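Everything numeric here is computed off the predicted structure, so don't read it as measured data. When reading the values below, keep in mind they use all heavy atoms of this one structure, side chains included, and skip hydrogens, waters and symmetry mates.
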Amino acid sequence: MSARISLNVGREKSLLRKHPWIFSKAVNKIKGKPMLGDTVDVFDSKGNWLAKGAYSPESQIRIRVWSFDEHQEIDHDFFLSKLKSAQQRRDWFIAEGKLTGYRLIAGESDGLPGVTIDKYDNFIVCQLLSAGADFHRYTIVNCLTELYPDCHIYERSDVDVRKKEGLEPVTGWLTEPQDSTECVIEEHGIKIHVDIATGHKTGFYLDQRDSRLAAGKFAKDKTVLNCFSYTSTFALHCAANNAKEVINVDVSQAALDMGERNLALNGLSDANVSFVKEDVFKLLRRYREEKRTFDMIILDPPKFVESKAQLTGACRGYKDINMVAMQLLNPGGLLLTFSCSGLMEASLFQKVVADAALDAKRNAYFVERLQQAADHPISSNYPEGYYLKGLVCQVE
């Protein structure tokens, strides 16, 4: 019999709206001795049943809800059903974009808190970031094997957030080890090398797929500066759409080398594309001193905000880099600027970019908004799932 968790008076409101998190301060009593990752039943202060969730005694998020159905068992059939539903929701745009790489499970947004599953050709990569996800690791793997029998499954649970759950980092094969962790995926006609063991996140930034497509749409005949380029996938779309010149900038030589491989893979080696290993912040200022200008600049920096305490500093960082980028744009040039920080709300990000335009003494017009691709959905019950914000600014 599962343990019973009773909440303090009034702390059931978010659950009645089907939000999947219960914080430690909401918990009043615990009946039983639940262990890390165990499924518990949650009740309001009057004894009314509310939800079933995974218990995490060390996390501020004390319980992550699996189900709001009292009769639902958290077993093989539960996870299999969630995986099938997630795949069905994605089938239409997978076919439309001819995608061989996509996110299958986006955690809470797909009803599996703490579970991230990405599919790269015949590799599947799992990130199990919560106590409940870790507890059900092999049930999830068995379901994946049943649904995708030809795929090899690898774990990338090497994210710091696991420490908050009382979990150690875990990486490695969950099915029979393979000789290589590299594969090639395709999106909208562009081929991309991915290394699932060493690449960022689970191997690649699948969430920027739509933004890469948009960048290609704008790039024809333009000189493009692609900042924080990683493996240069924005550049692939720009070069394929006849950009005049593309300069990729990143501090990682390994990422730039992969970018060159991606260029060759797509038969774009003759395109006017170059690679610069340098700190973006320093290079932008040097270009400003040299009076270098561009028709289009892409700013896709790493996350600046890990906690609310860092938000003010992050705003300064976003403002500064956007200001310098605007100063490097030719009149009428385009700035594609992004924030992947979930704590940076869209309205605040737009304000920061607007302030950057003032400081740059330029006028900016927001002509398009971009966000995470459709395989990173935002559930109506979980607004925190909206994390990637992008603005296309025309700058005069």
Side-chain angles (χ1 to χ4, degrees), residues 82-107 109-110 112 115-127 140-141 143-156 173-217 229-241 255 257-269 300 370-377 388:
K82 291 289 186 183
L83 291 168
K84 285 181 177 179
S85 295
Q87 181 65 64
Q88 288 167 2
R89 283 194 296 275
R90 287 155 169 79
D91 283 341
W92 66 272
F93 63 82
I94 290 170
E96 184 182 78
K98 298 180 179 178
L99 310 180
T100 59
Y102 58 92
R103 176 150 295 181
L104 173 61
I105 295 292
S109 294
D110 282 304
L112 292 178
V115 180
T116 297
I117 301 175
D118 291 337
K119 190 173 184 296
Y120 300 103
D121 191 37
N122 66 337
F123 288 149
I124 290 175
V125 184
C126 298
Q127 268 189 348
I140 293 169
V141 171
C143 292
L144 288 168
T145 303
E146 183 176 333
L147 290 174
Y148 308 97
D150 297 327
C151 286
H152 313 291
I153 305 174
Y154 192 84
E155 182 167 3
R156 280 291 302 271
W173 291 103
L174 290 168
T175 53
E176 185 177 349
Q178 301 299 300
D179 293 336
S180 174
T181 55
E182 280 197 23
C183 64
V184 173
I185 64 169
E186 189 166 338
E187 62 177 37
H188 300 291
I190 297 291
K191 297 177 181 177
I192 301 164
H193 285 287
V194 174
D195 190 326
I196 62 171
T198 64
H200 290 183
K201 298 180 84 172
T202 63
F204 184 58
Y205 291 100
L206 292 164
D207 53 3
Q208 281 285 36
R209 184 187 309 112
D210 295 351
S211 300
R212 289 188 284 268
L213 192 63
K217 176 181 70 176
S229 61
Y230 188 44
T231 56
S232 304
T233 46
F234 272 99
L236 298 177
H237 284 266
C238 292
N241 284 276
D257 291 344
M258 186 70 90
E260 291 203 60
R261 289 178 61 195
N262 281 332
L263 206 67
L265 180 66
N266 288 277
L268 297 168
S269 297
D300 185 23
L370 301 168
Q371 66 177 48
Q372 63 221 56
D375 51 344
H376 297 63
L388 180 59

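A salt bridge between Asp118 and Lys201 is absent, with no side-chain N of the basic residue lying under 4.0 Å from a carboxylate O of the acidic one.
Taking OH from Tyr102 and NZ from Lys119, the interatomic distance works out to 4.5 Å, rounded to the nearest 0.5 Å. Going from atom SG of Cys183 over to atom NE2 of His152 covers 10.5 Å, rounded to the nearest 0.5 Å. For the atom pair OH of Tyr120 and CG of Leu99, the computed distance is 12.5 Å after rounding to the nearest 0.5 Å. Interatomic distance, SG of Cys143 versus CG of Leu83, reported as 6.0 Å (0.5 Å rounding). Of the inter-residue distances, the one linking Thr231 atom OG1 with Leu263 atom CG reads 11.5 Å to the nearest 0.5 angstrom. A distance of 12.5 Å separates CG of Asp121 from CD of Glu182, quoted to the nearest 0.5 Å.
Taking Asp91 as the reference, Gln87 meet the side-chain hydrogen bond (donor to acceptor under 3.5 Å, both in side chains) condition, with sequence neighbours excluded. Among residues two or more places apart in sequence or in another chain, the side-chain contact (heavy atoms from CB on, under 4.5 Å) test is passed with Thr145 by Val141, Ile153, Thr175. For the ring pair (Phe, Tyr, Trp, His ring centres under 6.0 Å) test, residues two or more places apart in sequence or in another chain that qualify with Tyr205 are His200, Tyr230.
Remark: side-chain polar atoms of Arg209 are not paired, donor with acceptor, to backbone N or O of His188 under 3.5 angstrom. Without hydrogens or angle criteria, Thr181 side chain to Ile196 main chain gives no donor-acceptor distance under 3.5 Å. The closest donor-acceptor contact from the side chain of Gln372 to the backbone of Leu388 lies under 3.5 Å. Judged by distance alone, with hydrogens and angles left aside, the side-chain atoms of Arg90 form a donor-acceptor pair with the main-chain N or O of Arg103 at under 3.5 Å.
In plain terms, the two heavy atoms of Asn241 and Gly216 that are nearest each other are CB-O, 3.2 Å. Leu236 and Lys191 get closest at one heavy-atom pair: CD1-O, 3.8 Å. Closest non-hydrogen pair, Ser211 versus Gln371, comes out as OG-O, 4.3 Å. Shortest non-hydrogen contact noted between Ala106 and His376 is CB-CA, 4.3 Å. Of all heavy-atom pairs spanning Ala373 and Leu206, the tightest one is CB-O, 4.2 Å. Listed here is the closest heavy atom pair of Tyr154 and Ala197: OH-CB, 3.6 Å.
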### Message
Pair Val184, Val194 - check side chain to side chain contact (heavy atoms under 4.5 Å, CB included), show working.
### Response
CA-CA 6 Å; Val184 173; Val194 174; over 6 Å; no
### Query
Which is it for Thr233 and Gln208 under the side chain to side chain contact (heavy atoms under 4.5 Å, CB included) test, yes or no, and what are the steps along the way?
CA-CA 9 Å; Thr233 46; Gln208 281 285 36; over 6 Å; no
### Task
Give the intermediate values and the outcome of side chain to side chain contact (heavy atoms under 4.5 Å, CB included) for residues Ile124 and Ile117.
CA-CA 7 Å; Ile124 290 175; Ile117 301 175; 3.6 Å; yes
### Task
Any chance you could lay out the side chain to side chain contact (heavy atoms under 4.5 Å, CB included) test for Ile192 and Glu187, step after step, and finish with the verdict?
CA-CA 8 Å; Ile192 301 164; Glu187 62 177 37; 3.7 Å; yes
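Under the 4.5 Å side-chain criterion, counting only non-hydrogen atoms from C-beta, Leu144 is in contact with Leu104. Side-chain contact between Asp210 and Leu370 is absent, with no heavy-atom pair separated by less than 4.5 Å. Residues Ile105 and Asp110 meet the side-chain proximity criterion, which asks for heavy atoms closer than 4.5 Å.
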